[in-house]
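Convention: sequence-line order gives letters A, B, ...; per-chain numbering from 1. For the numbers below, each heavy atom of this structure counts, side chains included, while hydrogens, waters and symmetry mates do not.
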There are 2 protein chains.
Amino acid sequence: MLDSYCKVLNKNRFKVTRQRKAILEAMEKAHGVHLTADDIYMDVKQNFPEIGISTVYRTLELLARLNIVHKTSFDEGKFRYEFCEDEGHYHHHFVCNGCGSIIEVEEDFLHHLESALEERGFIITDHKVQLYGYCPECRDRHTE
Amino acid sequence: MLDSYCKVLNKNRFKVTRQRKAILEAMEKAHGVHLTADDIYMDVKQNFPEIGISTVYRTLELLARLNIVHKTSFDEGKFRYEFCEDEGHYHHHFVCNGCGSIIEVEEDFLHHLESALEERGFIITDHKVQLYGYCPECRDRHTE
DNA sequence: ATCTTAAATGATAATCATTATCAATTAGGA
DNA sequence: TCCTAATTGATAATGATTATCATTTAAGAT
Ligand SMILES: [Zn+2]
Ligand SMILES: [Zn+2]
Ligand SMILES: [Zn+2]
Ligand SMILES: [Zn+2]
């Protein structure tokens, strides 16, 4: 997995540095979790104290440009990152207003909306669906 | 319209100040446009040079809390505001990667996604759908 | 209409995520 | 090994937003 990402870096003439590998490893370790730049920085620092926060931001920007990671905001005033899916089409997210947890949702009804727009002459390159509310653990606390 | 918003302020024991009225007026003037706090600040300043940017932020936060305006981010690193719809359920947005224009989309296929989650015990209070791509004016420039 | 007072305001500083700068380091090809 | 452009880390800068606090004001009581 890590190797295949390094191949993409190579293919695009970007150097495979210790820092970039460490960042990719940290993200792999947290697969399925939506990490902030700072989450990644803190984790990498454990085994690599010299790493700079700028390198983390720069690397994530690069990985996003290469379609290795997907950068998205859940309206918290900061961005979160996760690995892209192979198909290039993203799953959706449910954000709990109670505990803040972000839960992935597989269902996809967006084709309808997309084709309606494409008929009107738009080109759709990406979409984002975020649902907000209460997860089963928080719903009782909320309705009490 | 403005009067009905003032009524909501009154009902909730908030004062109806010149600043709050000016901000609501600026937003009414730009109905259908998705304004940033600074857009509103700049506009109100024309006829009300003493207004402070803090007041704009504070007022928007209050109006959002009262469900008068809806605050949303289009991943630009800042928030945009528009009046809530009566139903409490928002339209969707198409963001053009070319010119940055934000176009409203009425179609709503989200019930499906929402009921699927509700069956699993979640409570959905809000959703956000944002599509990205190229609008008809920008698509040729893009595919050239 | 005046008084009272808690709410609201504006100037300013603080915060926080992110980006830019730049001298020093380094990956990877010759 | 050498060369060099890419990369890095420290630091400063930015830009949006929030906090602080002395001053002003809306709106209810007199
Ligand atoms: Zn929860
Ligand atoms: Zn996800
Ligand atoms: Zn466009
Ligand atoms: Zn809208």
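With rounding to whole Å, Phe14(B) atom CZ is found 13 Å from dA27(D) atom P. Atom CZ of Arg20(A) and atom P of dA6(D) are 11 Å apart (whole Å). When rounded to the nearest whole Å, the span between CG of Leu9(A) and P of dA6(D) equals 15 Å. Atom-to-atom, CG of Asn12(A) to C1' of dA6(D) comes out at 14 Å; the value is rounded to the nearest Å. In this structure, CD of Glu61(A) is placed 14 Å from P of dT7(D), rounded to the nearest angstrom. In this structure, Leu60(B) atom CG and dT18(D) atom P are separated by 10 Å, rounded to whole Å. In this structure, Asn10(A) places its CG atom 11 Å from P of dT7(D), rounding to the nearest Å. With rounding to whole Å, Asp75(A) atom CG is found 14 Å from dT17(D) atom C1'.
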What's touching nucleotides 13-15 of chain D from the protein side, N or O pairs under 3.5 Å?
none

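In this structure, Asp39(B) contributes its side chain and Thr36(B) its backbone to a donor-acceptor pair below 3.5 Å. Checking side-chain atoms of Gln19(A) against main-chain N and O of Thr55(A) turns up no donor-acceptor pair under 3.5 Å.
Salt bridge Asp75(B)/Lys128(A): present, at least one basic N to carboxylate O contact under 4.0 Å.
Between Asp38(B) and Lys15(A), the residue anchored closer to the 5' end of DNA chain D is Lys15(A), taking for each the nucleotide with the nearest heavy atom. Nearer the 5' end of DNA chain C, as judged by each residue's closest nucleotide, is the contact made by Arg13(B), out of Arg13(B) and Ser54(B). Nucleotides of DNA chain D nearest to Phe79(B) and Val16(B) differ in position, and the one nearer the 5' end is that of Phe79(B).
Among the heavy atoms of the strands lying under 4.0 Å from Thr17(B) are primed sugar atoms or P, OP1, OP2 only; no base atom is included. Nucleic acid contact class of Lys78(B) (heavy atoms, under 4.0 Å, all strands): sugar-phosphate only. Arg58(A) comes within 4.0 angstrom of a base, heavy atoms only. No contact: Ile53(A) has no heavy atom under 4.0 Å from any strand.
Residue Tyr57(B) places no side-chain N or O under 4.0 Å from the OP1 or OP2 atom of dT18(D).
Annotation: the terminal axes of the helix from dA1(C)-dT30(D) to dA30(C)-dT1(D) meet at 30°, where each axis is the rotation carrying the C1' atoms of four end pairs onto the next four (5 pairs per end, rounded to 10°).
Cluster membership for Val69(A) and Leu66(A), using ILVMFWY side-chain heavy atoms within less than 4.5 angstrom, is shared. When the side chains of ILVMFWY residues are joined at heavy-atom separations under 4.5 Å, either directly or via intervening members, Met42(A) and Tyr81(A) end up in a single hydrophobic cluster. Linking Ile, Leu, Val, Met, Phe, Trp and Tyr whenever their side-chain heavy atoms come within less than 4.5 Å puts Met27(B) and Leu62(B) in one cluster.
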message: Under the criterion side chain to side chain contact (heavy atoms under 4.5 Å, CB included), I'd like the reasoning laid out for Ile124(A) against Tyr132(B): C-alpha separation, chi angles, the key distance, then a yes or no.
response: CA-CA 6 Å; Ile124(A) 313 291; Tyr132(B) 300 85; over 6 Å; no
- request: Apply salt bridge (Lys or Arg N to Asp or Glu O under 4.0 Å) to Lys78(B) and Asp38(B), showing your working.
  value: CA-CA 10 Å; Lys78(B) 60 190 160 191; Asp38(B) 200 61; over 6 Å; no
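Within a 6.0 Å sphere centred on NZ of Lys21(B), heavy atoms belonging to other residues, nucleotides or ligands number 12 at most.
Taking the six-membered ring where tryptophan is involved, the planes of Phe74(B) and His34(B) are perpendicular, since the angle between them exceeds 60° and thus also 30°.
Judged by distance alone, the side chains of His93(A) and Gln130(A) never bring a donor and an acceptor atom under 3.5 Å apart.
Nearest to the side chain of Gln19(A), among dG9(D), dT17(D), dT7(D), sits dG9(D).
Rounded to the nearest 0.5 angstrom, Thr59(B) OG1 and Ile51(B) CD1 are separated by 6.5 Å.
First and last contacting nucleotides of DNA chain C toward chain A (any atom under 4.0 angstrom from a heavy atom, 5' to 3' order): dA17(C) to dG28(C).
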